[in-house]
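Remarks on the structure that follows.
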Amino acid sequence: MYQQILTEVQQGTMVITINRPDKLNALNKEVIQELSQALDEVLHRNDVQSAVITGAGAKAFVAGADISEFPHLDAAAGRQLAAFGQEAVFSKIENASKPIVAAINGFALGGGCELAMACHFRLAAANARFGQPEVNLGLIPGYGGTQRLVQLVGKGKATELLLTGQMIGADEALQLGLVNYVTAPEELLHKTMELLQTIHSKAPLAVKAILDLVNTATYQPASGLAAEVAAFGQLFDTADVKEGTAAFLEKRKPTFTGR
Ligand code: COA
């Protein structure tokens, strides 16, 4: 069904692998379209509780937007490229009601770094390299990089990285808070799946509320506390709160149903 990506559901997680290793998994139009479709699958399939995005091969997560598509673009087409990608993939990930995590297995440059940053959190293999090199092309990031890099690492370091286009390694990314964990390359997917299994054991409506509220904290902080109060209240009307609290009091593990 997909030509540019691979998908496989393992233990309730859809592993989405961008599969153009000979082009370092660069994001061309087809990859963006297929990622968008795969994300719709993640959101709509009842047997899928989360997703991992990773890259094929040992060298790259994603080495950026496909630069070979750029020479033909004018202002309107450039705007369209960024707007379509943001809506179809990057914002769809960020606004997803199920956790979507990046497992960064090599170069995460330009659109690759932006794809990782749109995910709810990130794990990196020790050989991962990060950067926003668009400035070297006379460009700027178009898939959210100027905004999400500031949110994740702070204004000073983000400005430096955006202006110099320089790459950083996995350990520096960890130190900056760009990624949550650094693992050996062969451990990356296992560690990612393990974290997602922990999340799968939680009440899905609580997970969804947390994902929403973290976005509120990021984009509408003035209304965040009120939104938290409202969501906290609403959850008391769910079967899962009754189950979770009863299970605690009865000293057993809860079984959540998502209702
Ligand atoms: N778009 C299109 N093709 C890309 C690409 C991109 N963003 N990144 C890598 N490729 C292609 C290369 O053109 C090359 O294709 P070819 O074998 O047909 O010539 C192939 O992937 C392998 O890349 P190569 O540059 O030969 O590997 P390397 O190990 O020498 O360098 C990088 C690796 C990541 C440092 C280098 O590929 C690079 O700088 N890529 C562009 C990063 C970038 O600017 N991204 C932001 C885009 S907005």
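What's counted below: heavy atoms across the whole structure, side chains too, no hydrogens, waters or symmetry copies. Counting starts at 1 for both ligands and their atoms, in listed order.
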Working for salt bridge (charged side-chain N to carboxylate O under 4.0 Å, His left out), residues Arg129 and Glu172: CA-CA 9 Å; Arg129 312 263 302 150; Glu172 191 173 353; over 6 Å; no
Protein non-hydrogen atom below 4.0 angstrom of atom 20 (C) of ligand 1 present: yes
Protein heavy atom under 4.0 Å of atom 29 (O) of ligand 1: yes
Note: Arg45-Glu41 ion pair, threshold 4.0 Å (strictly below): yes
Ligand 1 N/O within reach of Phe107 N/O, cut-off under 3.5 Å: no
For atom 34 (C) of ligand 1, the protein heavy atom that lies nearest, with its residue and separation: Leu109 CD1, 3.5 Å
Short N-O contact, Lys29 and Asp66, less than 4.0 angstrom: no
Phe256 six-ring face occupied by Lys202 cation (under 6.0 Å, within 45°): no
Test item: Glu114 side-chain N/O and Gly145 main-chain N/O as donor-acceptor pair under 3.5 Å: yes
Heavy-atom nearest neighbour in the protein, as seen from atom 35 (C) of ligand 1, with distance rounded to 0.1 Å: Met167 CE, 4.0 Å
Distance from atom 23 (O) of ligand 1 to nearest protein heavy atom, with residue and atom: Leu24 CD1, 3.6 Å
Heteroatom distance test (Glu134, ligand 1): nitrogen or oxygen, under 3.5 angstrom: no
Atom 48 (S) of ligand 1 within contact range, any protein heavy atom under 4.0 Å: yes
Heavy-atom protein contact below 4.0 Å for atom 8 (N) of ligand 1: yes
Test of proximity, Ala63 against ligand 1: N or O pairs below 3.5 Å: yes
Is_contact(atom 38 (C) of ligand 1), protein non-hydrogen, under 4.0 Å: no
Atom 25 (O) of ligand 1: any protein heavy atom closer than 4.0 Å: no
Option nearest atom 43 (C) of ligand 1 (shortest heavy-atom distance, choices Pro133, Pro141, Gly106): Pro133
Atom 6 (C) of ligand 1 [closest protein heavy-atom partner, distance rounded to 0.1 Å]: Ala65 O, 3.5 Å
Identity and distance of the protein heavy atom lying nearest atom 13 (O) of ligand 1: Lys23 NZ, 4.8 Å
Leu211 backbone acceptor or donor facing His120 side chain under 3.5 Å: no
Protein heavy atom at shortest distance from atom 1 (N) of ligand 1: Ile67 N, 2.9 Å
Shortest protein heavy-atom distance from atom 14 (C) of ligand 1, along with the residue and atom involved: Asp22 O, 4.4 Å
Flag, side chain of Asn19 to backbone of Gly55, donor-acceptor distance under 3.5 Å: no
Nearest protein heavy atom with distance in Å, relative to atom 27 (O) of ligand 1: Lys59 NZ, 3.5 Å
